[in-house]
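Data block below; observations after.
Please read all numbers here as calculations on a predicted model, not as lab measurements.
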Amino acid sequence: MAITTDYILTTKHYAGIGCLILSAILYFTNRKFYFLFFALTLTVGLIGFLDFNISTFKIGFAGIGVNPVFLGLMILFFAVSGKQMDKLSPEKNGPKKRVLDENLIKSFQSNFEDKTIADLNAVIDTKSKFTDEAKEAAQRVLKKKNVL
């Protein structure tokens, strides 16, 4: 009782403690929402709208500043959670390659057997409007004709 009488908790502290508890629950139930919610909690704490420390620190000028404790936690959180960020944004690693339909390729391949080498090269051209399956079939026909 003697330890806690010198400190007064405000609504910022209660909000911060509530967000930490909710983050801990989300960590075990839904990692994707945990990552987003905890990042949001750290961001809101960084600008000073919530806190979970007994003593509040702020670095800035004229009442505008950042909490260095939250800044350090945010840097640590993003450094440790790099794999989770990759899962949230798969486009970062490039678009996933589409799987080609083998039956469609074989169909195109049988249609392209009678085409000339110039026609097949036109199909393979990157600027052509043919599908990827048609381009793959044209390449296979050219390999059979020993052109590629």
Between Asp125 and Phe130, is any pair of side-chain heavy atoms under 4.5 Å apart?
no

CD1 of Ile117 to NZ of Lys145: how many Å apart, nearest 0.5 Å?
6.0 Å

Using side-chain contact (heavy atoms from CB on, under 4.5 Å) as the criterion, point out the one residue from Val44, Ile47, Leu46 that pairs with Phe70.
Leu46

Within the 4.5 Å heavy-atom criterion, are Phe78 and Leu42 side-chain neighbours or not?
no

Distance check, rounded to the nearest 0.5 Å: Phe52 atom CZ versus His13 atom NE2?
10.0 Å

Should Glu113 and Gln109 count as side-chain neighbours, where that means a heavy-atom distance under 4.5 Å?
yes

Are side-chain heavy atoms of Leu142 and Asn121 found at a separation under 4.5 Å?
yes

When rounded to the nearest 0.5 angstrom, what is the spacing between NZ in Lys106 and CG in Leu104?
12.0 Å

Ring centre gap for Phe35 and Phe77 strictly below 6.0 Å
yes

When the aromatic ring centroids of Phe37 and Tyr27 are compared, is their separation below 6.0 Å?
no

Identify whether NZ of Lys or CZ of Arg in Arg31 sits under 6.0 Å from the centre of the six-membered ring of Phe33 and within 45° of that ring's axis.
no

Can you check side-chain contact (heavy atoms from CB on, under 4.5 Å) on Leu73 and Phe38, steps first, answer last?
CA-CA 11 Å; Leu73 286 173; Phe38 194 62; 5.9 Å; no

Hey, are the side chains of Val123 and Lys115 touching, using non-hydrogen atoms and a 4.5 Å cut-off?
no

